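The figures that follow rest on heavy atoms only: side chains count, while hydrogens, waters and symmetry mates do not. Please read these numbers as outputs of a predicted model, since none were measured by experiment.
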Amino acid sequence: MVSKKKKTKKNISKPVFGVSKNILLIISAVWIYIVTSAFLRGRLVEWDIFYLFDLQGSFNFLEFLRLLLSYLISVIFFAGTITGIHFIGDSILSLCKITFKSPEERALMATGLGTGILGLIIFAFALLGFLYPFVMYALWLAGSVFGFKKIRKAIKNFSFKELKPSAGEKITLALIFLVLLFGFIMSFTPEIFYDSLNYHLGVPNIYMQFGHYVELPYKFHSSFPLVSQMAFLFTLMVDSTASAKLLNLSFVIFTALAIYIFSRDRLSSPKTGLYAGAIYILIPNVMFRSWTATTDTLLTFLTFLSLWAAINFICNRNLYWLILSGLFAGLLAGTKLNGFFFFPGIAALIFTYCRSSIWKAVKYTAIWAGVSLLLFSPWMIRNTLETGNPFYPFFSEQLTSKHPYDIPLGRDTYEEAAERFRRFDRFKNLMHLGWNISIKGGREGPYDSHDYYMSGAVFLIFIPLLLLFKGDEKERKLINMLFLFSLFSFVLWGIQDDKVKYFSPAFPAFSLLSAVAVRRLSFSGGLGSILSKGTLIYHLIVNLLVMSFLAHYVYMPFSVVTGMISRDDFLSESRPMYPNPSYDVFEYAHRNLKKDDVKIMVSGEAKTYHLKLPHIAFSASPLDPLILYSNSKKTETGEDLYRLLKEREFTHIIFNAPEVFRTAGSGFFKIMEKRDILIIREFFKNHLNLLYTSRGVFLYEIVETSDSPVENPVLTVFVKYFSEEAQNALELAQSETDPKKKKKHAETAIEKSGRIIEADIGFARARYLKSHAYYILKEEEKALYYAKKAAEKSAEYEEFYMQVKNAFE
């Protein structure tokens, strides 16, 4: 009885700053109200969730059973994959002289390490040309069989008996269950996320079609590290998209479990771990990422494991922990390049807390960095061999980069494509960035961002309150370590990009800090407990409701998963986050073309994951293969372009006109010149036969001599895009009262319409637009010249010509 009282007394949180507890509680309540009201202002939160069951289509029981069987098969293949991953990681850990604090800690470390090593193994197989289904099935079977005993033992070791949840914790557990159940259901929806279709799954899909690794100079994302993509490639070869998405979801679950075990073992607080895990899982950005096959969930898991191992090394000085932390760091950098922005935070911990002497601090930090770079080196070697730049496409100016396939770099196209990754002028944003990503994300405003780029308000509410109440002496060192890592992470992320998705590796640390604040506030008394837990649960529910609405709006998950909407119909329709799909044309190609006889150039469309024939595509950038080949040093005419494409063994072209128009601002029109127009015009006229078209997407066969001239959608979209750009600029110029801005808009209209005139297409309309712009600028001679040219080509502009002529007379 006495010991219980002592334990309770120890857990009571003490106020700081010499201020009474009640005053600090009032301050906390006011801050919570300010943040919560700002977060909810203008944001739709749909509390009636019955819209989720507003199903569309018609239910077919037999189709539903067929789908259920396919889902069960995917779960089996996913389970076997996790078993193999754990076996690989645990076998490596057996070589390390490490005493783990708990079996659960070892199991999580093994899973993270095994995933990264599997990615490297599959990459090696791709390079060697071993991407055969029977090889992948043999690997899956071996991992499943040999790893069964180990994974079974690891699962048995997981225990939550120490939690003893109260009413608040039971609600939190229920929320975790709901969001994971929803994520599980979402894993069986078709993949439609742009980045996944483009390169997270799109690049592995291309390797699968060719049966080996392929250089993709147009798809510059393929030059990024591919640990996660190679793990996805394995699941795609043994099963389907569902297995890849389940694997992605599992990394969210493993991260939440790692947060819980870390808190239980290191902070001696399982309830703090529960809150932190719930906070992490219910971050809007994390919920969205759990529905798609992306790199961010594995990146976050590996980053937290590297941080955890580094903290273990600091606490017991076992060098194997330092090496293990370095291994995780190398794997996280091999998952995504922006993982490097979280290196300094971990390195700072090692250096700061191992500074008994400068020599030791430098030595330990160097060992950690050396191990990290060693495991990252395969990606640097690959890029050096292909481009001459180990960090390609970054630093392309400082490190001269060659371009494969005799396609000139020209016009700094790769630099334009990589420009958005080089933003080091954001220091001024740091002071208000935390507020912006928490409050303004997901709605219109100065920080306009989709809901899935939003962090929610939990971090903003609780981390400042962490400073108001003292905790146990035991936890202070660990909290300081988490703070140091979080501070470095926030600053380095904030100055390179303000998208929440790039900050995800720091979410576990921020979640732990927030959960510690919740516990400290709840220990301050009855009112503090109600205030902290009530606020947390409320915001977790709001996050879930906001993202559930988004999921229904975009995916209609229950209609799709039950088969009431067929996957073909779902993937054929343009929808939010899935614009202008080429799926109908892909399916026609699957039905009518033979895999062994084709190599398709996909132009204007980056979302090619659902195309299961050998093909080459690009990322959303000016690097479209059709334009780059027309711009090749070997190409002067349409005949040259035909010969070059045949030399590269291309047999067909798919061109997505609506998508070209949508992405034109950053697409290939940025580098398209008059010579390209002339070459493409001749090529379309003489060497293409149209096989099929649907929703503005065209499938052509490349032939020596065309049966008949085909429609040229490239030129059509070119004229439409620049005409609308010029028209919009003219309208802005006409409505503008500021002379400088008026002139700027008119000059934009002149530049945009000039692109059409320069290309010798769209004569009348383009000359009318250019004349109108000069008319606004009161440049008489040029306005009359282009108005006259427009009238000569089309009678509809004769009245405008007379209007211009009379105005200047």
Side-chain angles (χ1 to χ4, degrees), residues 215-220 386-387 396 400-417 598-605 615-618 621-657 660 664 667-690 698-719 721-722 751-763 766:
E215 289 185 38
L216 302 171
Y218 337 98
K219 193 176 282 291
F220 74 96
E386 289 186 1
T387 70
S396 292
T400 303
S401 303
K402 63 184 179 182
H403 194 289
Y405 293 173
D406 300 321
I407 300 172
L409 190 60
R411 309 187 190 100
D412 296 323
T413 52
Y414 267 72
E415 283 303 299
E416 289 181 28
V598 301
K599 180 182 177 182
I600 302 173
M601 173 189 285
V602 183
S603 177
E605 171 67 281
H615 66 279
I616 294 295
F618 79 130
S621 69
L623 308 178
D624 189 283
L626 179 61
I627 301 304
L628 290 177
Y629 274 110
S630 73
N631 189 246
S632 171
K633 295 176 182 177
K634 295 183 177 181
T635 307
E636 296 294 336
T637 65
E639 191 69 24
D640 293 336
L641 178 57
Y642 165 73
R643 283 196 293 267
L644 184 57
L645 295 185
K646 296 303 290 184
E647 179 185 322
R648 303 301 185 194
E649 300 180 341
F650 287 106
T651 61
H652 296 77
I653 291 177
I654 290 176
F655 182 80
N656 187 326
V660 167
F668 64 54
F669 288 159
K670 293 190 72 173
I671 64 170
M672 196 173 186
E673 294 181 345
K674 180 177 180 179
R675 72 180 298 276
D676 302 314
I677 290 287
L678 297 176
I679 290 169
I680 290 172
R681 174 188 285 164
E682 180 185 343
F683 173 69
F684 268 71
K685 180 179 179 181
N686 297 329
H687 297 290
L688 291 183
N689 282 339
L690 178 63
F698 302 82
L699 171 62
Y700 299 103
E701 181 183 12
I702 302 173
V703 295
E704 184 175 0
T705 304
S706 175
D707 295 339
S708 60
V710 300
E711 177 186 354
N712 193 327
V714 179
L715 306 188
T716 302
V717 176
F718 184 91
V719 172
Y721 173 72
F722 284 108
E751 187 270 329
K752 299 297 183 182
S753 57
R755 292 289 303 272
I756 304 172
I757 296 170
E758 181 189 49
D760 291 335
I761 48 180
F763 290 103

4.5 Å side-chain heavy-atom contact, [X] and [Y]:
X      : Y      : answer
Ile679 : Asn631 : no
Arg643 : Glu639 : yes
Tyr629 : Thr635 : no
Leu628 : Phe618 : no
Met601 : Ile653 : yes
Ile702 : Leu688 : yes
Glu605 : Ile654 : no
His687 : Glu682 : no

Closest approach of [X] and [Y], non-hydrogen atoms and distance?
X      : Y      : answer
Ala766 : Ser753 : O-CB, 3.5 Å
Lys674 : Glu758 : CD-O, 2.9 Å
Asp640 : Lys634 : CB-O, 3.6 Å

Practice task
Would you confirm whether Arg681, through its side chain, and Asn712, through its main-chain N or O, come within 3.5 Å as a donor-acceptor pair?
Solution key: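 Flag not set: sc Arg681 to bb Asn712 has no pair under 3.5 Å.
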Handout entry: Donor-acceptor under 3.5 Å (Asp624 side chain, Ser603 main chain)
Key = no
Practice task
Report yes or no: is the cationic atom of Lys599 (NZ for Lys, CZ for Arg) closer than 6.0 Å to the six-membered ring centre of Phe650, at no more than 45° off its axis?
Solution key: yes
Exercise for the section: Only one of Tyr642, Phe683, Phe684 passes ring-ring contact (aromatic ring centres under 6.0 Å, His included) with Tyr700; say which it is. Expected result: Phe684
Exercise for the section: Could you tell me whether the side chains of Ser706 and Asn689 share a donor-acceptor contact shorter than 3.5 Å? Expected result: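 The criterion, which ignores hydrogens and geometry beyond distance, is satisfied for Asn689 and Ser706.
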Practice task
List the steps, then state whether side chain to side chain contact (heavy atoms under 4.5 Å, CB included) holds for Val660 with Phe655.
Solution key: CA-CA 8 Å; Val660 167; Phe655 182 80; 3.7 Å; yes
Practice task
Please round to the nearest 0.5 Å and tell me the distance separating atom OG1 of Thr651 and atom NE2 of His615.
Solution key: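 Separation between the atoms: 12.5 Å.
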Practice task
Supply the atom-to-atom distance Asn686 CG to Thr705 OG1, rounded to the nearest 0.5 angstrom.
Solution key: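 Output value for this atom pair is 8.0 Å.
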Problem - Ile680 and Ile627: CA distance, side-chain angles, deciding distance, side chain to side chain contact (heavy atoms under 4.5 Å, CB included) verdict - result: CA-CA 8 Å; Ile680 290 172; Ile627 301 304; 3.6 Å; yes
Handout entry: Residue Lys646 excluded, over 12 heavy atoms near NZ under 6.0 Å
Key = yes
